[in-house]
Student: 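Questions regarding the structure given below will be posed in turn.
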Amino acid sequence: MPLYDCMLLVKPLVTKEAMAELAARVARRAYQRNGVVTEVKSFGSINLAYGIKKLDGRHFKGQLMQLTMMVPPSFTQELHYLNKEDRLLRWLVVKHRDAVYGVEFINEDDRKHELSYFRFRTKDDSSDADEYDADSDDYEYEVDEEVTE
């Protein structure tokens, strides 16, 4: 399952208990879909770059909370119930691009020195380089084949 961040921007006067209840509702929905909440962060009160207009006025401050979770990709469509939540100013779900999880996470130390597979040499060292090459590249890279057993 992919790793997602769910950012919740809550109105400034909402209590910590209400924010925790809102995060618990999202987490409960993730658990129902066999997901796992891996981290919950609260960034506290923040000043917004522009006011967000809601029925009770324009808000220039908010409270930001982040939930990191592993959920199925279809889970993001299920969060549209948050649009009707009157305590929220905005919400956003972002997928982690280079997240390493599962079996790949266990073998992460094996790829620690990936750049060591490249050998560095200049064009002057190569015997097959053409003197009149139109490219202005001064350096070339060779890749050593890695033997996997």
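Quantities reported herein were computed from a predicted structural model and do not represent experimental measurements. If you read the sequence from its start, that first residue is 1, and numbering goes on from there.
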Student: Counting C-beta onward and ignoring hydrogens, is there a side-chain heavy-atom pair between V26 and L82 closer than 4.5 Å?
Tutor: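 In contact.
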Student: Between K41 and L64, is there a donor-acceptor pair closer than 3.5 Å when you use the side chain of the first and the backbone of the second?
Tutor: no
Student: Can you confirm whether more than 12 heavy atoms, excluding those of K61, are under 6.0 Å from its NZ atom?
Tutor: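 No, not enclosed.
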Student: What I'd like to find out is whether the side chain of R87 reaches to under 4.5 Å of the side chain of M19, using heavy atoms alone.
Tutor: no
Student: Give the minimum heavy-atom separation between A27 and V37, together with the two atoms involved.
Tutor: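 Nearest pair, atom of A27 first, then V37: CB-CG2, 3.7 Å.
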Student: Do V93 and F43 belong together in a cluster built from hydrophobic side chains that touch within less than 4.5 Å?
Tutor: no
Student: Which pair of non-hydrogen atoms, one from P12 and one from Q63, has the smallest distance, and what is that distance?
Tutor: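 Between these two residues, the closest heavy atoms are O-NE2, 2.9 Å.
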Student: Does a side-chain heavy-atom distance below 4.5 Å link P2 with H96?
Tutor: no
Student: Should M69 and C6 be marked as a side chain to side chain contact (heavy atoms under 4.5 Å, CB included) after you check the CA-CA gap, both sets of side-chain angles, and the distance that decides it?
Tutor: CA-CA 8 Å; M69 56 189 135; C6 180; 3.4 Å; yes
Student: Keeping Q66 on the side-chain end and M7 on the backbone end, is there a donor-acceptor pair under 3.5 Å?
Tutor: no
Student: Are V14 and V40 in one and the same hydrophobic cluster, where Ile, Leu, Val, Met, Phe, Trp and Tyr link if side-chain heavy atoms are under 4.5 Å apart?
Tutor: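 Same cluster.
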Student: Search all heavy atoms of V71 against all heavy atoms of G35 and return the closest pair with its distance.
Tutor: CG1-CA, 4.0 Å
Student: Shared ILVMFWY cluster between I52 and L88, side chains joined below 4.5 angstrom?
Tutor: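 No, I52 and L88 fall in different hydrophobic clusters.
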Student: Is there a salt bridge (charged side-chain N to carboxylate O under 4.0 Å, His left out) between K11 and D56? Walk through the geometry before answering.
Tutor: CA-CA 10 Å; K11 291 181 180 178; D56 58 346; 3.2 Å; yes
Student: State whether the side chain of R90 and the backbone N or O of L9 hold a donor-acceptor pair below 3.5 Å, judged by distance alone.
Tutor: no
Student: Look up atom CD in E85 and atom CG in L79, then write down how far apart they are to the nearest 0.5 Å.
Tutor: 12.0 Å
Student: So, the side chain of T38 versus the backbone of T68: is there a donor-acceptor pair under 3.5 Å, distance only?
Tutor: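 Side chain of T38 to backbone of T68, a donor-acceptor pair under 3.5 Å: yes, one is there.
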Student: Are any of the side-chain heavy atoms of Y4 and V94 separated by less than 4.5 Å?
Tutor: no
Student: Among residues two or more places apart or on two chains, list those pairs meeting ring-ring contact (aromatic ring centres under 6.0 Å, His included) that have a residue in residues 58-93.
Tutor: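 For residues 58-93, and leaving out neighbouring residues, the ring-ring contact (aromatic ring centres under 6.0 Å, His included) pairs sorted by first residue read H80-W91.
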Student: Can you tell me if E39 uses its side chain to pair, donor with acceptor, with the backbone of L67 under 3.5 Å?
Tutor: no
Student: Got a second to check how far R29's CZ is from R25's CZ, nearest 0.5 Å?
Tutor: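 Rounded to the nearest 0.5 Å, the CZ-CZ separation comes out at 7.5 Å.
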Student: Would a 4.5 Å heavy-atom cut-off, applied to side chains only, mark M70 and L3 as touching?
Tutor: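 They are in side-chain contact.
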